[in-house]
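First up is the structure itself, then whatever we jot down about it.
In what follows, every chain begins at residue 1, and chains take the letters A, B, ... in the order their sequences are listed.
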Amino acid sequence: MRRTRLFLPTLKETPAEAQIVSHRLMLRAGLVRQSAAGIYTWLPVGYRVLRKIEQIVREEQDCTGAQEVLMPTIQSADIWQKSGRYDDYGKEMLRITDRHDREILYGPTAEEVITDIVANEITSYRDLPKNLYNIQWKFRDEVRPRFGVMRGREFLMKDNYSFDLDKAGAVHSYNKMFLAYLRTYSRMGLKAVPTAADTGPIGGELSHEFIILADTGESEVFCDRALLELPAPGPDVDYEADLQPLVDTWTSHYAATDEKHDADACPLSGDQLVTARGIEVGHIFYFGTKYSQPLGAIIQGPDGQQVTLEMGSYGIGVSRLVGAIIEASHDDDGIIWPESVAPWTVGLINLKVGDADCEATCERIYAALQTAGVEVLYDDRDERAGGKFADMDLVGIPWQLTVGPRGLKDGKIEVKRRADGEKSEIALDDVEAWIAERAAS
RNA sequence: CGGGAAGUAGCUCAGCCUGGUAGAGCACUACGUUCGGGACGUAGGGGCCGGAGGUUCGAAUCCUCUCUUCCCGACCA
């Protein structure tokens with residue numbers, strides 16, 4: 001992408017409404033603009049990042065055998081009346097009336113919708129287990145939206161729902177998600193801590209929150225140092241095998257948020273206990289027949305008996321992750337994207353637009369990057385050097401290639417790694433090799 | 001939903017107390033000088049001072065109502 005053609009409105013000053021760092025940077029780096037309280041428009045750069053995060057979530061879901069569906073944003077009140085949540089949910093649910101005066105709502109979650117589908121379509125144990133997921137916009141009419149996209153009213157969420165014949169099957173489904181979540185966050189460069197959680201209004205017996213560590217996080221986490229050193233499961237996880245031992249290696253370590261942490265009961269001491277700030281980016285539940293019962297998700301088992309399905313539901317705040325990753329990864333100059341979610345991998349800076357040598361070199365490198373499949377943002381604007389460097393840092397492109405007359409004189413360009421600011425020079429003859437290295441990683 | 005604050009140019013803000021008809025910096029346009037980490041000069045463009053009502057000869061400024069946004073708390077992916 002050429003910068004001269006890109007819609008990327010960056011700001012030198014911080015808009016007054018933004019208080020926390022991710023919100024400020026998302027506005028300054030031109031990722032989003034607020035449309036109303038807690039409601040945002042995603043501009044091209046922000047939307048690229050959002051889709052990359054979404055894609056990682058999708059890939060890791062697919063690996064477990066979960067299948068993607070797309071459920072509606074607008075739901076009928078009927079099914080919520082059946083589950084009993086229409087009255088329970090309160091004012092956070094955005095309720096709407098259509099032209100026929102029928103009650104509808106903008107979905108805050110989708111247990112009712114999916115359970116209704118499954119209740120209608122699955123009638124035999126032979127069709128189980130099933131795990132269906134959905135990446136869709138949700139709406140919760142928060143009293144006080146804040147922290148930009150981290151606590152918006154409209155948010156993009158991956159939610160899925162497992163359906164099993166018995167509790168053992170449901171626990172296996174739960175364990176699959178437990179491990180898939182660890183992989184998902186790890187691929188985004190995040191350290192996620194699974195903590196035993198209250199089940200809240202959704203209800204259930206078994207539940208974990210996934211908290212990523214960021215100094216500016218909203219809640220406090222207490223956990224075993226060993227938990228932070230456990231490596232996330234690799235890509236070779238066999239989701240059909242017995243997952244309990246692997247899950248146990250994680251859940252056997254102490255981890256609690258400030259609400260649940262009890263200093264007296266905590267088994268850890270001294271250096272073993274880590275106290276950190278964190279942001280909740282996922283939540284998984286097992287809740288048995290809470291929805292299958294009232295919505296009639298009942299099938300026939302192998303022995304001919306009627307069985308009420310065992311369910312679990314699993315959420316990841318996809319749009320929240322954009323903010324959360326920035327909270328976890330930034331400096332005074334701007335965002336530092338992990339490569340896996342960066343809007344572009346390489347930023348190419350032409351320091352002297354109009355100079356034949358600089359232009360030809362940039363065009364050559366730009367074309368080579370594209371041919372190699374390395375995503376590149378080419379800053380071809382006729383701006384001062386400082387402004388271009390500052391923008392690249394602000395937007396957080398992982399690698400910056402700087403082409404200027406001073407370097408070209410010696411047949412060199414400069415490479416800067418955003419994460420640590422480390423700069424090095426590479427000879428023009430070695431650029432192709434450097435690109436190949438990026439393409440491979 | 002309780003408590004607090006703020007709405008003036010695209011952004012950050014001054015002006016309001018003490019009413020007299022709109023300002024600065026950044027951004028934008030043109031020209032010139034500059035040009036390896038957010039330059040400088042000159043000349044420009046841009047505002048129904050959130051909205052409605054009131055007081056007054058006259059309201060960004062005073063009064064009332066309203067809408068919006070932000071912060072603290074309670075609540076939450």
Charged N-O contact under 4.0 Å between [X] and [Y]:
| X | Y | result |
| --- | --- | --- |
| A:R2 | A:E363 | yes |
| A:D159 | A:K138 | yes |
| A:R225 | A:E229 | no |

Determine the interatomic distance between [atom1] on [N] and the same-named atom on [M]; round to the nearest Å.
| N | M | atom1 | value |
| --- | --- | --- | --- |
| B:G38 | B:A74 | C1' | 43 Å |
| B:C70 | B:G23 | P | 31 Å |
| B:A9 | B:G25 | C1' | 12 Å |
| B:G7 | B:C63 | P | 14 Å |
| B:A14 | B:C26 | C1' | 15 Å |
| B:G4 | B:U21 | C1' | 34 Å |
| B:C49 | B:A6 | C1' | 14 Å |
| B:G45 | B:C28 | C1' | 8 Å |

[X] has an atom [atom1]; how far is it from atom [atom2] of [N], in whole Å?
| X | N | atom1 | atom2 | value |
| --- | --- | --- | --- | --- |
| A:M150 | B:C75 | CE | C1' | 17 Å |
| A:R381 | B:C28 | CZ | C1' | 14 Å |
| A:F147 | B:A77 | CZ | C1' | 14 Å |
| A:F389 | B:C35 | CZ | P | 15 Å |
| A:I211 | B:A77 | CD1 | P | 11 Å |
| A:E92 | B:A74 | CD | C1' | 12 Å |
| A:E142 | B:C70 | CD | C1' | 16 Å |
| A:L11 | B:G25 | CG | C1' | 15 Å |

How would you label the contact of [X] with the nucleic acid (heavy atoms, under 4.0 Å): base, sugar-phosphate, or nothing?
| X | result |
| --- | --- |
| A:Q19 | sugar-phosphate |
| A:K158 | nothing |
| A:D159 | nothing |
| A:A18 | nothing |
| A:G386 | sugar-phosphate |
| A:G38 | nothing |
| A:G407 | base |

For [X] and [Y], which heavy atoms make the closest approach, and how far apart are they?
| X | Y | value |
| --- | --- | --- |
| A:H330 | A:L25 | CB-CD1, 3.8 Å |
| A:R146 | A:R151 | O-CB, 2.8 Å |
| A:V237 | A:G234 | CG2-O, 2.9 Å |

Does [N] have OP1 or OP2 sitting under 4.0 Å from an N or O in the side chain of [X]?
| X | N | result |
| --- | --- | --- |
| A:K12 | B:A27 | yes |
| A:R144 | B:C71 | yes |
| A:K91 | B:C1 | yes |
| A:Q34 | B:C70 | yes |
| A:R384 | B:A39 | yes |

Distance-only donor-acceptor hits, side chain of residues 405-412 of chain A, under 3.5 Å, sequence neighbours excluded:
none

Assigned partner base of [N], Watson-Crick or wobble definition, under 3.5 Å:
| N | value |
| --- | --- |
| B:U64 | B:A52 |
| B:G45 | none |
| B:C26 | B:G10 |
| B:U21 | none |
| B:G73 | B:C1 |
| B:C35 | none |

Say whether [X] and [Y], considering side chains only, have a donor N or O and an acceptor N or O under 3.5 Å apart.
| X | Y | result |
| --- | --- | --- |
| A:Y286 | A:H208 | no |
| A:Q61 | A:N160 | yes |
| A:Y40 | A:Q34 | yes |

If you check every side-chain atom of [X], which of [options] has the closest atom?
| X | options | value |
| --- | --- | --- |
| A:P15 | B:G37, B:C72, B:C11 | B:C11 |
| A:R406 | B:C26, B:A77, B:G36 | B:G36 |
| A:P405 | B:G36, B:U12, B:C76 | B:G36 |
| A:R146 | B:C72, B:G38, B:C70 | B:C72 |
| A:A36 | B:G36, B:U69, B:A77 | B:U69 |

With centres under 5.5 Å and planes under 30° as the test, does A:F155 stack with B:A77?
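The base of B:A77 is stacked with A:F155 (centres under 5.5 Å, planes under 30°).
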
Which residue lies more 5' along RNA chain B, comparing A:A37 with A:E13 via nearest heavy atoms
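First, find each residue's nearest nucleotide; the 5'-ward one identifies A:E13.
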
So which one's nearest nucleotide on RNA chain B is more toward 5', A:P145 or A:K423?
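Its nearest nucleotide being more 5', the pick is A:K423.
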
Keeping A:S292 on the side-chain end and A:A297 on the backbone end, is there a donor-acceptor pair under 3.5 Å?
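Side chain of A:S292 to backbone of A:A297: no pair is present.
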
Residues in contact with RNA chain B, drawn from residues 327-362 of chain A - heavy-atom cutoff 4.0 Å
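Residues of residues 327-362 of chain A that come under 4.0 Å of RNA chain B are, in numerical order, A:L351.
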
Please list, by residue number, the residues of residues 395-404 of chain A whose heavy atoms come closer than 4.0 Å to an atom of RNA chain B; answer none if no residue qualifies.
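Within residues 395-404 of chain A, the residues near RNA chain B are A:T402, A:G404.
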
Got a sec, which pairs hit ring-ring contact (aromatic ring centres under 6.0 Å, His included) with one end in residues 64-96 of chain A, sequence neighbours left out?
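Pairs touching residues 64-96 of chain A that pass the test: A:W80-A:Y89.
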
Indicate every side-chain donor-acceptor pair of residues 333-353 of chain A with a distance under 3.5 Å to a residue at least two apart or in another chain.
unit_1, atom_1, unit_2, atom_2, d
A:W337, NE1, A:V395, O, 2.9
A:E339, OE2, A:W399, NE1, 2.9
A:S340, OG, A:R187, O, 2.6
A:N350, OD1, A:K352, N, 3.0

Filter on salt bridge (charged side-chain N to carboxylate O under 4.0 Å, His left out), then keep only pairs touching residues 395-404 of chain A, sequence neighbours left out; what's left?
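Residue pairs passing salt bridge (charged side-chain N to carboxylate O under 4.0 Å, His left out), neighbours aside: none found.
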
Quiz item: A:E17 side-chain donor-acceptor pair to B:G7 base, under 3.5 Å:
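No, no donor-acceptor pair under 3.5 Å.
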
